[in-house]
Amino acid sequence: MSGGTLALTGLTRVHGPGQAPALEDFSLDVPAGSCVAILGPSGSGKSTVLRLTAGLDEPTAGTVRVDGADLSGVVPERRGMAMVFQRPLLFPHLDVRDNVAFADRVRGMPRRAARARAEEFLELVQLRGYGDRPARALSGGQEQRVALARALAAQPRVLLLDEAFSALDAALREEMHELLADLRMRLDPTILLVTHDHAEADALADAVAVLDEGRLLQEGTMRSLYARPASLAVSRLLGGRTEVAGVVRDGRHVSPLGALALPERVADGPGVLVVRHEAAAVTPPAEGDCTGTVVRLRRRGLRALVTVEVTGDGGTASVHAELGPGEEVPTGATVGLALPVADRWVVAAPTVVPEQPASPAEEVSRRR
Amino acid sequence: MTTREAPPATVPGTPAPAPRRRPGLRAFLLVLPALVPVVAVVGAALTSALLLSLGLAPLVGEPGLSLDAYRSAATDLGSSLRVSIAIAAAATAIAAAVGLCLALAATAAIRRSRLLGTLAALTVPIPHLVGAAAMGLLLADAGVLSRLLGVDPGSWPPLVGGRWWIAVVAEYAWKESAFVALVVAGVLSSRAASYTETAALLGAGRWARLRHVTLPLAAPALGATAAISFVYTLGSYEVAALLGRAHPEPLAVLAFRLFTSIDLAARPQAAAVAVTTAVLALLVVLVALRALRNLAAER
């Protein structure tokens with residue numbers, strides 16, 4: 001099985017007259033055999049993209065093409081797509097094997113042959129021997145594996161994953177990510193997935209499109225998005241924490257952190273410096289690019305995340321930095337901060353700059 | 001974090017705390033208020049009918065076990081059984097088919113019909129007696145329909161009181177189809193949309209979705225409502241009495257006629273007919289429950 005090429009062009013969806021568009025002029029290319037993620041908070045329109053792609057909803061404008069063929073007016077069952085939703089939605093009246101054999105059965109394949117093929121797909125998702133079980137006798141992770149096997153057994157040109165792993169706990173999600181990577185190597189499907197989790201997009205996708213309020217904010221590889229977010233919104237959606245308001249002057253960002261050289265030429269004017277906490281490093285005082293006081297320490301497994309307040313010309317700025325494995329710094333300590341030039345990036349200042357930027361988690365929950 | 005308080009130590013000489021009630025007993029006590037009236041009314045009525053039919057509680061004379069009541073009612077009982085089962089089966093089959101179609105139309109993902117759903121909901125509270133009268137006015141030889149169609153009463157088919165019990169079956173089917181539709185639509189509206197979307201994306205066309213997804217999802221509710229509808233129709237009196245013919249009589253009509261007969265000796269026969277109806281209804285319920293359990297076991 002190998003997937004087709006998906007091209008979405010100018011997709012727009014307005015749910016009702018007088019309502020703001022749920023999706024506006026959205027274009028995206030998903031090359032054959034690739035996995036592209038649409039990343040966005042709840043209500044950003046990312047599920048709308050999948051529903052329009054699958055033909056479950058009609059776009060107000062725009063086209064969906066698979067291998068160059070326009071799918072306008074083509075009913076979902078003839079689009080050659082399969083979707084895995086957040087809930088597994090296994091048919092409760094069928095056992096696991098018949099759930100996986102469903103697509104072949106409705107295409108008219110004899111029961112015996114369809115079931116034999118279903119066993120192959122169950123083996124692919126490491127559920128050999130589970131065929132006879134009723135759908136409800138499975139755990140959450142197993143149910144989602146069956147849903148994935150059922151979708152793959154339909155041999156879709158494009159596989160759509162709608163927050164398919166969001167309801168699983170962290171360990172199961174990790175397992176599903178590995179399984180999907182394995183399935184990609186074996187079957188080479190074309191995958192379009194939506195998620196609100198940038199770590200999931202990073203783990204699974206070759207390229208990412210960031211969506212917010214129905215508009216495409218930026219697309220590219222996850223590395224490029226992490227390093228060079230197009231806006232503050234993208235930086236926040238990707239889990240960026242450090243936002244230092246200042247002014248760009250002669251290729252340097254001037255803020256309470258000092259005048260910091262930038263890796264690329266940026267037009268003069270107000271701008272917000274963003275630096276990934278993974279790139280910022282805590283150093284002995286006076287050895288870094290600036291010096292500040294540790295005001296907060298949060299442990300995350302072996303590594304800890306510290307918030308350092310730096311007071312300089314024009315006020316105080318907070319910088320977040322991740323410590324090395326096992327390292328700790330007491331709250332109140334004076335430390336230096338190394339902000340590698342290559343990891344500095346300036347984005348346009350929002351019209352109203354908040355005095356203290358909200359944490360990304362708070363930002364996302366506020367949008368909801 | 002709060003720590004759980006240690007249970008207070010029992011002071012010697014004070015009574016030990018009462019043991020916790022078993023969950024089974026608690027559940028039994030909770031259903032007792034519902035159970036008592038059912039056992040008292042249905043159980044007592046059935047028991048007295050059974051005793052009366054077996055000659056153990058005669059109105060006059062000495063009690064003695066005998067099947068005389070069943071023997072003397074046997075001739076009428078056979079034909080009544082046949083006509084009652086036929087009416088109940090026909091009405092239930094039509095009600096199930098029509099009710100399912102109404103439910104599908106009311107819950108269809110595309111072009112769902114709120115009007116149909118509302119009409120079905122409005123039909124349910126109309127009493128059968130009112131429904132029977134309306135059906136009589138509609139279908140009789142001098143009824144609304146024959147006048148609307150301009151058919152002479154003499155050449156109008158005997159829908160009311162005729163050989164085929166058409167008005168009776170139509171009334172039951174109409175009322176029960178609304179009941180079936182309401183229950184099945186309730187089940188489908190909460191589950192069917194997401195499953196049919198999934199099925200469509202797996203390549204299932206409209207008929208395949210209906211056959212492989214919607215009907216199996218609706219089956220338990222449809223089976224349960226059909227069983228209720230059948231049992232109700234089997235034991236129902238007023239519609240058959242109003243719209244049916246004089247002979248053969250359905251079970252309930254026969255039982256009522258015998259029970260209200262001036263001949264007191266007919267009372268045990270009435271009880272025999274009532275007991276037969278109850279046993280038949282019980283059998284149908286048991287078969288239906290078993291079938292529904294099998295359906296549930298499949299999931």
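Residue numbers begin at 1 in each chain, while the letters A, B, ... track the order of the sequences. The analysis underlying the following values was restricted to heavy atoms, covering all of them including side chains, and did not include hydrogens, waters or symmetry mates.
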Could you state the interatomic distance from CG (B:L217) to CZ (A:F91), rounded to the nearest 0.5 Å?
8.5 Å
Between A:H93 and B:A219, is there a donor-acceptor pair closer than 3.5 Å when you use the side chain of the first and the backbone of the second?
no
CE-CG distance between A:M81 and B:L202, expressed to the nearest 0.5 angstrom:
13.5 Å
Heavy-atom closest pair (A:L89 atom, B:S194 atom, distance to 0.1 Å) is CD2-OG, 3.7 Å
Could you have a look at A:V84, A:V75, A:L160, A:L90 and say which one has the most heavy-atom pairs with chain B under 4.5 angstrom?
A:L90
Do the non-hydrogen side-chain atoms of A:L94 and B:H212 ever get within less than 4.5 Å of each other?
no
Select one option (side chain, backbone, both, neither) describing which atoms of A:L56 are under 4.5 Å from chain B's heavy atoms.
side chain
Looking at B:E197 and A:R51, is any side-chain nitrogen of the basic one under 4.0 Å from a carboxylate oxygen of the acidic one?
yes
Rounded to the nearest 0.5 Å, what separation is found between the CD atom of A:E77 and the CG atom of B:L201?
9.0 Å
Given A:F102 and B:V213, is the side-chain contact (heavy atoms from CB on, under 4.5 Å) satisfied, shown in steps?
CA-CA 10 Å; A:F102 185 86; B:V213 180; 3.8 Å; yes
For A:R87, does the CZ atom sit with more than 12 other heavy atoms under 6.0 Å from it, leaving out its own atoms?
no
